[in-house]
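Beneath this line is the structure, given in C-alpha cells, with notes to follow.
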Amino acid sequence: MSDSPARKPPRFVLTSFPERYVLPARPPNASAQVIDAHRQTGFLLGDDLVVFDRVMNLQLQVVAANAKAKGVPALALFSFWSRAFAYLSDACTLMASGSYGSCAPLLRSALDCIAAQQSFIEDGFVEYEKWYANAVSQEKTRAATVIDIERFRAAGVLIENPDLGLLYRLLSDLSMPHVGGTLFLTAPETSLQKLPVGFADSSFHLAWAELVTGWLLTLAGLQLKAAAGSGVVTLKATLASDCEAIQGDIQKVVASRRRCHVEGADGRFVFHNFRRTATGQPKRVILG
C-alpha cells in the first residue's frame, strides 16, 4: 500500500531496441561438445534458422517503424513483447550450444508473455488500463518507488487454443522438477536396459534441436502476428506483406512430419521421430 496522494501516471517512452537480430555465433573458448553442437545445428537445421532469423528481424522492423508509439496500449504491448523477444533470442543461443533442457523455461515464459498480450488485445487493454492508473507510486516511509506487481496469467488464451495449451503444458512439465521429465532431459536414450544420464551434457541431439527450433519458430510467428494485429502498431504495405508471408514459411517448417514432433494423447505427450543423429533409428517416446 502507498501512503502518497494520487498523481498523474508516468508516460511511456520506448528508449531503446536492437537494430538487428543475429543468429548465435560459435561460442568462444567452448568445449568440443558445444562446438560440435553448434556446427551440427547450423548444418542440419540451417534452413530453419534462416526463417527464425527473418521472423526475429521482422519483429525489430515493426518495432522500429513504431518506436514513437505512445499510450497505455503501447506500453502493454512493447513491455511484454520485449520480454518474449529476449526469451526467444536466449533460447536460440542455448539450443545452438546443445543446452536443450535450459530452453524449456525460457520458451514457457515467452509463451506466457505472448498469451498476456493476446489477452490484453482481446479486451481492448481495459484490464491493463485499470492496473496502470495506480501502477507506480511513492512510499514516503521507506523513501521508495512502489510498483504494483499485479500477478497475471492469461489462462483463457491458452485454454481456447488447443495447440498452445498442449505446448504450454509440455513446456511447463519440462521446466518443473518432475521426475520423469528430468530423466527424459538428462537421459534421452533411456531404455528398458539402461538409463544413460549425461551430467550437464551439451552434445548435439537432433530431435531436441528440431523440437526447440520448431517451438522457437512457432512462438516468434505468434508474437509477430499478435503485434501486427494489436491495433497498436501501424505497418506499411511492404512490411505487412512480409509479416504475412513469413507465417507461411514458418508453417512449412513446423508442419513437416519428417522432423521430431509431439502430439497429445490421453493426457500424455507422444514424441515422434525421436533420435540423436540424422542416421539414427527414429523411435517413439511417450512422456506422461
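Because only heavy atoms are used, hydrogens play no part in the values below, and waters and symmetry mates are left out as well, while side chains stay in.
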Taking the six-membered ring for Trp, are F17 and F85 ring centroids under 6.0 Å apart?
no
When you measure from the side chain of N161 to the backbone of L164, do you find a donor-acceptor pair of N or O atoms at a distance under 3.5 Å?
yes
Could you state the interatomic distance from CD (E244) to CG (D249), rounded to the nearest 0.5 Å?
12.5 Å
Output field: ring centroids F43/F204 closer than 6.0 Å:
no
Hey, which of F269, F274, Y100 is the one that makes ring-ring contact (aromatic ring centres under 6.0 Å, His included) with F184?
F274
Under the salt bridge (charged side-chain N to carboxylate O under 4.0 Å, His left out) rule, what do R142 and E139 come out as? Steps first, then yes or no, please.
CA-CA 6 Å; R142 291 187 173 88; E139 187 170 297; 2.5 Å; yes
Kindly give the heavy-atom pair with the smallest separation between A30 and I35, and that separation in Å.
O-CD1, 3.6 Å
Does the side chain of L58 come within less than 4.5 Å of L239's, by heavy atoms?
yes
Suppose we call two aromatic rings close when their centres sit under 6.0 Å apart. Are F12 and Y132 close by that rule?
no
For Q138 versus T145, what's the shortest heavy-atom pair and its separation?
OE1-OG1, 3.7 Å
Check against side-chain contact (heavy atoms from CB on, under 4.5 Å), L224 and Q247:
CA-CA 9 Å; L224 181 61; Q247 299 295 341; 4.2 Å; yes
Distance-only criterion, 3.5 Å: show the donor-acceptor pairs between side-chain atoms of residues 74-82 and protein atoms not counting sequence neighbours.
residue : atom : partner : partner atom : Å
S79     : OG   : L75     : O            : 2.6
S79     : OG   : A76     : O            : 3.3
W81     : NE1  : Q59     : OE1          : 2.8

Of all heavy-atom pairs linking R108 and S172, the shortest is CD-OG, 3.2 Å
With side-chain contact (heavy atoms from CB on, under 4.5 Å) as the criterion, how do F125 and I121 come out once you've worked through the C-alpha distance, each side chain's angles and the decisive distance to 0.1 Å?
CA-CA 6 Å; F125 296 93; I121 292 166; 3.8 Å; yes
N273 (side chain) donor-acceptor with R257 (main chain) under 3.5 angstrom
yes
Run the side-chain hydrogen bond (donor to acceptor under 3.5 Å, both in side chains) check on H205 and E189 step by step: do they pass?
CA-CA 10 Å; H205 194 291; E189 273 73 52; 3.3 Å; yes
Could you walk me through whether L206 and T277 pass the side-chain contact (heavy atoms from CB on, under 4.5 Å) check?
CA-CA 5 Å; L206 178 59; T277 65; 5.9 Å; no
Backbone of A237 reached by a side-chain donor or acceptor of S241 within 3.5 Å:
no
Indicate yes or no: at least one non-hydrogen side-chain atom of F271 is less than 4.5 angstrom from one of L170.
yes
Side-chain ion pair, R20 and D53, N-O less than 4.0 Å:
yes
Same apolar cluster: L217 and I114, side chain cutoff 4.5 Å:
yes
Please examine the side chains of V136 and D148, heavy atoms only from C-beta on, and report whether any two atoms are closer than 4.5 Å.
no
Below 4.0 angstrom, N of the basic side chain to O of the carboxylate: do R54 and D242 qualify?
no
Please round to the nearest 0.5 Å and tell me the distance separating atom CD of E210 and atom CG of L44.
8.0 Å
Measure from the side-chain N and O atoms of T93 to the backbone N and O of S89, and report whether any donor-acceptor pair falls under 3.5 Å.
yes
Considering all heavy atoms of both residues, which atom of I250 and which atom of G221 are nearest to each other, and what is their separation?
CD1-CA, 3.6 Å
Looking only at heavy atoms, which two atoms of L166 and G264 are closest? And how far apart?
CD2-N, 3.7 Å
From E19 atom CD to N57 atom CG, the distance as rounded to the nearest 0.5 Å
11.0 Å
Do S97 side-chain atoms and S99 backbone N/O form a donor-acceptor pair below 3.5 Å?
no
Validation row: Q61, L235 side chains within 4.5 angstrom (heavy atoms)
no
Could you state whether V262 and V270 fall into the same hydrophobic cluster, counting links through intermediate Ile, Leu, Val, Met, Phe, Trp or Tyr residues with side-chain heavy atoms under 4.5 angstrom apart?
no
Check for a donor-acceptor pair, side chain of H38 on one end and backbone N or O of P24 on the other, with a separation under 3.5 Å.
yes
Min side-chain heavy-atom separation L111-L158 under 4.5 Å:
yes
Would you give the length of the straight line joining atom CZ of R284 to atom CD of E263, rounded to the nearest 0.5 angstrom?
9.0 Å
Who else is in L94's hydrophobic cluster (ILVMFWY, side-chain heavy atoms under 4.5 Å, direct or via others)?
Y87, L106
Verify the distance criterion only: is there a donor paired with an acceptor across the side chains of D123 and Y128 at less than 3.5 Å?
no
Working to the nearest 0.5 angstrom, can you tell me the gap between S191 OG and K283 NZ?
7.0 Å
Residues in salt bridge (Lys or Arg N to Asp or Glu O under 4.0 Å) with D36, at least two apart?
R39
Can F152 and D112 be said to form a side-chain contact (heavy atoms from CB on, under 4.5 Å), step by step?
CA-CA 10 Å; F152 181 80; D112 258 328; over 6 Å; no
Indicate yes or no for a side-chain donor-acceptor contact from R151 to the backbone of I149 under 3.5 Å, with no hydrogens or angles considered.
no
May I ask whether V72 and W131 are part of the same hydrophobic cluster, defined by side-chain heavy atoms of I, L, V, M, F, W, Y residues being less than 4.5 angstrom apart, directly or through others?
yes
Student check: side-chain heavy atoms of D201 and Q33 closer than 4.5 Å:
yes
Taking the side chain as everything from C-beta on, heavy atoms only, tell me whether C92 gets closer than 4.5 Å to L49.
yes
If we ignore angles and hydrogens, is there a donor and acceptor under 3.5 Å between the side chains of R259 and T213?
no
Check each of T182, L211, L287, L107 against L174 using the side chain to side chain contact (heavy atoms under 4.5 Å, CB included) test, and report the only one that passes.
L287
Taking every heavy atom of A187 against every heavy atom of L195, the minimum-distance pair comes out as CB-C, 4.4 Å
Is there a side-chain contact between K252 and V51 in this structure, where contact means two heavy atoms from C-beta onward sitting under 4.5 Å apart?
no
If I take atom CD from residue E127 and atom OG from residue S119, how far apart are they, to the nearest 0.5 angstrom?
6.0 Å
